[in-house]
Engineer: 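What follows is a structure written as structure tokens; I'll ask about it next.
Numbered from 1 within each chain, the chains take letters A, B, ... in sequence-line order. Predicted model, so just to flag it, every value in this text is computed and none were measured.
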2 protein chains.
Amino acid sequence: MANVTADSADIAEEETEHMIENNFVVEAENVASSIDPKEMRAVILAGFGGLNKLRVTKKTMPEPQHGEVKIRVKACGLNFVDLMVRQGNIDSPPKPPLIPGFECSGIVESIGENTHGFEIGDRVMAFVCYNAWAEVVCTPVDYVYKMPDKMSFQEAAAFSLNYVAAYMMLFEVANLREGMSVLVHSAGGSVGQAVAQLCSSVPNVTVFGIASCSKHVAIRDSVTHIFDRNADYVQEVKKISPEGVDIVLDCLSGEHTGKGLALLKPLGAYVLYGASNMVTGETKSFFSIAKSWWQVEKVNPFKLYEENKVMAGFSLLNLLFKQGGGVRVKTVMDKLLSLYNQGRIKPVVDSLWALEEVKEAMQRIHDRGNVGKLILDIEKSPTPLMANDSTETSEAGEEEEDPEGDNDNKERMPFIQ
Amino acid sequence: MANVTADSADIAEEETEHMIENNFVVEAENVASSIDPKEMRAVILAGFGGLNKLRVTKKTMPEPQHGEVKIRVKACGLNFVDLMVRQGNIDSPPKPPLIPGFECSGIVESIGENTHGFEIGDRVMAFVCYNAWAEVVCTPVDYVYKMPDKMSFQEAAAFSLNYVAAYMMLFEVANLREGMSVLVHSAGGSVGQAVAQLCSSVPNVTVFGIASCSKHVAIRDSVTHIFDRNADYVQEVKKISPEGVDIVLDCLSGEHTGKGLALLKPLGAYVLYGASNMVTGETKSFFSIAKSWWQVEKVNPFKLYEENKVMAGFSLLNLLFKQGGGVRVKTVMDKLLSLYNQGRIKPVVDSLWALEEVKEAMQRIHDRGNVGKLILDIEKSPTPLMANDSTETSEAGEEEEDPEGDNDNKERMPFIQ
């Protein structure tokens, strides 16, 4: 029944939100009672758009192909890029329906032919090219990494994407060294917190963090200076460092690209690694978003020449899944696991969510309510409080206006620090 | 008399070339017999334009100001950027008449007030913000470096600009590491040769050099692969390395910017450090050149994001003289002098020229006839052969058409290897 519902929704996009919400609750109950060993629970994105395109349903369990590992998933990471996927606001999006999600942790359940390096029962974390938000995942062995003994599944699901991205941006793209300064947007987010921790592994690095005021208390120890995201941060940074900064890590884009370039010291590097400003209202047409995406101001190479500046882009997902970066990422992961084992980095988990709570979790990222990582915990049941809240939160999510600053319902969400 | 001549030329830009050439010869003879201790010989650029704007004249000798060192010059470096200065094809050019030249070597003759770290008689090399092509130069102490005992004045004049630029591009902008690959245009030029030597200081670095066929024999041992500058180097490189290269160093610009970006591996860096393609015919209007300079294709930051690429610009002169990079360059110079003392790098000197031969020297760079550095040797007298050639070479230089490939008169130029 769950599969049928998903297919119907894919065709009948004009269904009212109320009907979908009712279906969602019924569907979730049916799924919970499933015992078919060939099926698994998974989050499905029925089509590109708002939160109402997401549901939990049953899918046929995948089996590992040549060179793949099958993982019984324990926890999945939820990232801003998942919101962009949901809106279809990415380059060459796959055709829905699809299972979202790019990273998970769990236990190796079986191994494909000619697949070496892992054994059944290994605790692992993995990158997946979609399909992570499910009870079972298969992925090529090159994207699978053994977890340290002391690392929890929740930590592991919070580790791969954010720490690898932060490490590669700081050390392979921007060449962070002793005594430098780094400005990071969304300092309270999961990449921001990874950046702050990795910066503290290098002597005498100054971190300028930008975050909503509501997060300042929670993250003030992780950065050197902290600014409100609504403040004129260019002026604020220049008051402290008139020359500017050595590295700007920007996940927002738009006007922040020009501001970031302007803030660079000579030989400084601006790194664009996301475009969260492009995700606004939940139901905003993704065509209009795609348009604004490409309207970002272009940069003349001679301007960089005259000003001695570096402009870079970084997309870990493209590196992994389109550009064959698996071996390079493996080397980085080895370094990161060494830092983890030395106690120098530790993922900050914002909150755990059941698969059925994925809409509320997405809304929390969208509202920038999180400090650290949101985790989909496969074994968690939806809290009664969340089930009651479901419709209400999704309504907020359907508004055309950016609900930024509207934090009324955040306090009722369960989260751990 | 020499000063008067220069001023006259500044006003009377319509003077015929023949008249100027005659003046030049007479002037040079007068200068050679000068014994006034308050005057010095210097190359003067009377106005922006072709080779005929250059002459040797007498100027009042400068005295060191607070924080400056006065250097009795032995040798000066001649760089492609000097051709761009001559054409006025730089950002915010100073008003002519001016003495060109950005680097020299020599002996400390006196020291300004509150100037520490040097003594009279020290053998030094120095950066100068113009004014280098003269018998005496004053420059701030931050731009002066002691020469190693075994370094000749010619080597020193070939060292500063090119090795610092090559080092900073490779190690501070592009982050060269073991196993990487580097493509360098003008591999036979003085920066190209410095790049090749510095690459060989890192294990297992592949260097793809692009140079005129005439230089291939001379430089084939300095690079891993060598391509003709008129060949389709993108295809040639991809035959050897289908993935592309990690670093592209481009001093040409124009169409090579797009080609360079296209040749990058994921996380690769394209560095634009010059625009020698913008210097074509000797008398081409510098306004039309300035126009083509700005017509270079702009780059969308999202393209870099999706492709995982880095685009950088590097101008050592701007870093030094506009952006306060003196301390940073000093650190780099210390590392380079250490490499020099270990015998791991050694400047390649193409040829030595008298001040009076500056036009012929410029023509040689313009024709891309050099392998390594051209040096103005203050104590060298113009060779009789060169004096006879002067008019002839300058005529070639006045042609509207790019004389590329017209190497007829090169064989008669004196040069050392």
Engineer: Who wins among A:Lys322, A:Arg328, A:Met168, A:Lys265 for the most heavy-atom pairs under 4.5 Å with chain B?
Structural biologist: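 Highest number of heavy-atom pairs under 4.5 Å: A:Arg328.
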
Engineer: Who passes ring-ring contact (aromatic ring centres under 6.0 Å, His included) against B:Tyr167, sequence neighbours left out?
Structural biologist: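 Applying ring-ring contact (aromatic ring centres under 6.0 Å, His included) to B:Tyr167 gives B:Phe171.
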
Engineer: Quick check on the interface: out of B:Val173, B:Asn308, B:Leu304, B:Asn175, who has the most heavy-atom pairs with chain A under 4.5 Å?
Structural biologist: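 Highest number of pairs under 4.5 Å: B:Asn308.
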
Engineer: Tell me which donor-acceptor pairs under 3.5 Å the side chains of residues 239-248 of chain B have, and how far apart each pair is, sequence neighbours excluded?
Structural biologist:
residue: B:Lys239; atom: NZ; partner: B:Glu236; partner atom: OE2; Å: 3.3
residue: B:Ser241; atom: OG; partner: B:Gly244; partner atom: O; Å: 2.7
residue: B:Asp246; atom: OD2; partner: B:Ser181; partner atom: N; Å: 3.0
residue: B:Asp246; atom: OD2; partner: B:Ser181; partner atom: OG; Å: 3.4

Engineer: Run the side-chain contact (heavy atoms from CB on, under 4.5 Å) test against A:Val205 and tell me which residues pass, sequence neighbours left out.
Structural biologist: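 Only A:Leu176, A:Val182, A:Cys199, A:Val202, A:Val207 meet the side-chain contact (heavy atoms from CB on, under 4.5 Å) criterion with A:Val205.
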
Engineer: Which residues in residues 311-320 of chain A have any heavy atom closer than 4.5 Å to a heavy atom of chain B?
Structural biologist: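 Within residues 311-320 of chain A, the residues that come under 4.5 Å of chain B (heavy atoms only) are A:Met311, A:Ala312, A:Gly313, A:Phe314, A:Ser315, A:Asn318, A:Leu319.
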
Engineer: To the nearest 0.5 angstrom, please state how far the CD atom of A:Glu306 sits from the CG atom of B:Leu272.
Structural biologist: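 Atom-to-atom, A:Glu306:CD and B:Leu272:CG are 10.0 Å apart.
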
